[in-house]
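Written below as C-alpha cells is the structure these notes are about.
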Amino acid sequence: MRLSHTARRRAGAAALMLSLTLSFNVVSLAQTGGRRAPAAGRPTVAGANEFVKQAEQRLARLNLKVSRASWVQENFITEDTELLAAEANEELTAAVTELALAATRFDRLSLPHDTRRKLMLLKLALVAPAPSNPTEREELTKITASLASDYGKGKYCPEGEKGKCLTLSELEPIMAESRDPEELKRAWLGWHSISPPFKAKYARFVELSNKGAREMGFRDTGALWRSNYDMSPEEFAAEMERLWLQVKPLYDSLYTYTRWKLSEKYGRALVREDAPIPAHLLGNMWSQTWGNIYPVLKPERSDPGFDLTKILVGRKTTPQQMVRYGEGFFTSLGLDPLPQTFWERSLFTKPQDREVVCHASAWDVDAQRDVRLKMCIKINAEDFAVVHHELGHNYYQMAYAPQPNLYQNSANDGFHEAVGDAVALSVTPEYLKRIGLIERVPDESADTGLLLRLALDKVAFLPFGYLVDQWRWKVFSGEVKPTDYNRAWWELRTKYQGIAPPAPRSESDFDAGAKYHVPANTPYARYFLAAILQFQFHRALCREAGFTGPLNRCSIYGNKAAGAKLRQMLAMGQSRPWPEALKALTGEERMDATAIIDYFAPLKRWLDEQNARHARQTDAARTAAK
Ligand code: X8Z
Ligand code: ZN
C-alpha cells in the first residue's frame, strides 16, 4: 500500500489510527455536506461484523496492488509507472472513502471491541483523504504520485556548467563534509532550487485533500492526522507541546554550545552569538541532525578516538554487509533472519541508469513475508544507523503480519519509527568491539565525546521533528496560505531550531518542499515521538536485560529476554490502544521524555559548565575592552 494513502505497507507510512471513541473528531456527515452511507436496511451487529470482514478482504487485495505499483514507480520513475501508481492509489482511495462513509451507519450500535476499533481505523486510514467526486479524486491521486516522482528526480543544475547536474545523493556529502561556507551555501541553495515548481501542485493538493477530509467529518487533513493517537486532536497537539517543553532545556544547552563553537570556527561575522545559526553550517541539508559536524565541536580531552565511517570505508564494507550488520543485531535478540526474498528484491545501491526515489523506506509488500528495503546506501556511520532504523520497520511488519488486515500497523506511528532507533542505541563501543569493528573500547573518559556525538543527532533533531507538522497543520487549517508558505516555514525554523536561511528567501521559494516528507505527504510528528520513545524503549529493554549501569553504556545485543519483550509488543500491531502496547514493553502508559533527559544528563551538565565558562570569558573580555 502506498504511503501517501492508507499507509501501512510502507513504513514511514502513516498509521491507521486507533482512538477509543470517534465522537470527538468526527462530526456528522450531514453537517459537513458529505455523502451519506448507502441505505441497506437496519444496521445490526452481525451486519457490522460482516462489513468489517469484507472490508478487510477488499483492502488486502487493493493494498497489494498499490504496493506493487508504488514499488515499481519508486524504483523506476517514468511517466508510465507514475500513472500506474496513481491509478492503483485511486482505486484504493475510492474504496477506503466508500467504506469509511458506509461504516458510519454502525456508529450508534453497541459493537464488539474489535469491530468498533476496526471501523474507527478504517475512517482514519487515509493520509491523503480524497473527495468522493471521481474527477477530483483522480486529480488528487495524480498530484500525489507526481510530487513523489518530482522529488525523486530532483536535481540542481548549476548555471554555466553544462550537463552537470547534482542529485541529493551528491549534495548531501558536501553538506556533511565541507567546511567551506561558500561551497556549503551553493549546495544548500542548489537543493532548495528544486522545490519552487512543486508549490502550486502542493497548494492544490492541500485543497483537494482537505475537501476529502471534510467529507469524512474532519475539520481538515491536519485534524485527521492528529486524530491518530487515541485522544482528541487538541489533546494530541498539547501532548506534543508537553514533550517539547520537557526536552527544550536540553536542546538549548546543546544549541548554545554549538553556536559558540561554530562562531569560533567560522568567525563572528558569519556566526553571531546573538543571532540564529545559518542553516548551511550544521552538516545536514535540513539542519535536522548535526552529527556530521562533531569534528568541529568535539571536546578536546574526551574524544572516543574512533570514527565509524572511516572504519567502515577502510574495511571496504559493501551496502549488503551494512544490512547484514543490522540483521545480525535483530537475530541476536532471537528474531528470525530476514527472508531470502528480502535479499533478492530490495534495493541497496543507487542505480546509475534510471531515476529512483532514494529516500530510505521499508516495505511490506504482501503483508506477510515479502518485506523489502529501498535505500541508496552510503558507507558511513549515518547510514549504518539508518539501516537499523529501516530494519526496525521490517521487523515490526513481520511481527504483526499474523494480525487481521486493519491491525497490521504499529501501536501509533511513532512506535514504527522508534523500534530500529531504539535497537541502534545499543550500538555502543562495546558492541562494536564484539562484532570486530573496533579493537579497543574507550574508557569512561570518552563518554562526553560519545554522548555529544549522539546528542548532535538525537537532541538536535527534536525541534525539527516538532516543527514540520506545526507548519503542515497550519497549512491544512488555512491559517497559513500559499502566499505565506515560506515566511511561515522560516518563522518556525527560527522559533524552534534557532536557525536562519543562508540567503534571503521569498515566496517564490518553497523551502518546505525541499524536505522529502512534504512532497511525499508523510506525516512528521511520528519522528518527534520516536525521538522520545526510542529512549523509553531503550531504558525498558536494558532493564529487561538486567543492566544497571548508565544507559549510554547499555547494549542489549544478544539478549534474548529483551528480544522476547520487544517482539511481544511488536506482535500486538495496532490491535490495542497504544498506551497498552507501551505498557507491555515499558510498564509505562505515557510518552515521557525523562528517558532521553536521563540519558543525556551527564552531557547536559558538561555543556552547561562549558557555556557558563564561555559566558564569563565573554563578559570579562567585554569589560576589559571598555
Ligand atoms: O524519513 C526517515 C526514515 C524513513 S521513515 C529514513 N527519517 C526522517 C527523515 O529522514 O527526515 C528518519 C528520521 C527522520
Ligand atoms: Zn522510518
Side-chain angles (χ1 to χ4, degrees), residues 2-4 7-15 70 74 127 148 151-152 168-169 171-172 175-176 191 282-292 322-323 326 346-348 350 356-364 371-378 380-397 409-410 412-425 454 456-469 471-472 493 497 511-535 537 570:
R2 192 184 153 68
L3 129 134
S4 34
R8 306 186 325 277
R9 291 290 89 84
R10 161 166 169 186
S70 301
E74 295 198 12
V127 190
Y151 185 90
L168 181 60
S169 300
L171 292 164
E172 283 196 289
M175 297 309 295
W191 180 248
L282 289 158
N284 174 277
M285 187 60 81
W286 308 275
S287 323
Q288 67 182 67
T289 48
W290 306 346
N292 289 322
M322 296 271 281
V323 184
S346 290
L347 177 95
F348 296 154
K350 183 173 161 56
V356 304
V357 174
C358 267
H359 190 89
S361 53
W363 299 56
D364 65 340
V371 294
R372 308 178 193 177
L373 169 62
K374 188 170 69 56
M375 176 172 174
C376 305
I377 299 178
K378 296 198 206 75
N380 60 35
E382 195 172 340
D383 275 6
F384 194 78
V386 176
V387 164
H388 288 76
H389 173 95
E390 295 303 330
L391 292 188
H393 288 308
N394 287 137
Y395 274 96
Y396 215 148
Q397 292 158 342
N409 204 349
S410 53
N412 74 35
D413 56 3
F415 282 58
H416 228 311
E417 299 303 334
V419 171
D421 285 7
V423 164
L425 288 177
L454 193 69
L456 289 171
D457 285 333
K458 303 291 179 181
V459 178
F461 178 76
L462 294 161
F464 184 75
Y466 187 31
L467 77 84
V468 174
D469 279 357
W471 181 81
R472 270 192 298 203
R493 296 266 269 170
Q497 287 181 284
D511 292 330
K515 176 66 196 163
Y516 168 80
H517 302 71
V518 173
N521 194 41
T522 308
Y524 212 82
R526 60 184 59 178
Y527 300 108
F528 175 77
L529 300 178
I532 297 199
L533 280 170
Q534 63 187 265
F535 288 90
F537 292 179
L570 301 184

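Just so you know, residue 1 is the first one in the sequence shown, and it goes up from there. All ligand and atom numbering here is 1-based and tracks the order in the structure.
- With ligand atoms numbered from 1 in the order given, ligand 1 contributes 9 (C), 10 (O), 11 (O) to contacts under 4.0 Å with heavy atoms of Gln288.
- Heavy-atom contacts of Glu390 reach the following atoms of ligand 1: 3 (C), 4 (C), 6 (C) (cutoff under 4.0 Å).
- A perpendicular orientation is assigned to the rings of His517 and Tyr527, their planes being inclined by more than 60° (bins at 30° and 60°).
- For the pair Leu391/Val423, no side-chain contact is recorded, criterion being any heavy-atom separation below 4.5 Å from C-beta on.
- Between His389 and ligand 1, a contact under 3.5 Å exists for no N or O pair.
- The His359 neighbourhood of ligand 1 comprises atoms 1 (O), 2 (C), 3 (C), 4 (C), 6 (C), 10 (O), with distances under 4.0 Å to a heavy atom of that residue.
- Checking His416 against the Zn ion (ligand 2), every N/O/S atom stays at or beyond the 2.8 Å cut-off.
- The distance from ligand 1 to the heavy atoms of Glu417 drops below 4.0 Å at these ligand atoms: 5 (S).
- If you look at Glu417 and ask which of its N, O or S atoms sits nearest the Zn ion (ligand 2), the answer is OE1.
- Residue-ligand proximity, Lys515 to ligand 1, at heavy-atom distances under 4.0 Å covers atoms 9 (C), 10 (O), 11 (O).
- Relative orientation of the His393 and His389 rings is perpendicular, given thresholds of 30° and 60° on the angle between their planes.
- Ligand 1 lies nowhere less than 4.0 angstrom from a heavy atom belonging to Ser361.
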Is there a side chain to side chain contact (heavy atoms under 4.5 Å, CB included) between Lys458 and Leu425? Walk through the geometry before answering. CA-CA 10 Å; Lys458 303 291 179 181; Leu425 288 177; 4.3 Å; yes
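- With ring centers used as reference points, Tyr151 lies 6.0 Å or more from His359.
- Ring geometry for Tyr524 against Phe461 counts as tilted: the plane angle lies between 30° and 60°, on a 0 to 90° scale.
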Go through the steps for Asp383 and Met375 under the test side chain to side chain contact (heavy atoms under 4.5 Å, CB included), then give the verdict. CA-CA 9 Å; Asp383 275 6; Met375 176 172 174; 3.6 Å; yes
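- Considering backbone and side-chain atoms alike, His393 places every N or O at 3.5 Å or more from each N or O of ligand 1.
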Walk me through whether Val419 and Tyr395 qualify under side chain to side chain contact (heavy atoms under 4.5 Å, CB included). CA-CA 9 Å; Val419 171; Tyr395 274 96; 5.8 Å; no
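- The heavy atom nearest to atom 9 (C) of ligand 1, out of those in Tyr524, Tyr527, Phe461, Tyr516, is found in Tyr524.
- Under 4.0 angstrom from ligand 1, there are no non-hydrogen atoms of Trp286.
- When you scan the N, O or S atoms of His393 for the one nearest the Zn ion (ligand 2), you land on NE2.
- Checked against the 6.0 Å centroid criterion, the rings of Trp471 and Phe464 do not qualify as a close aromatic pair.
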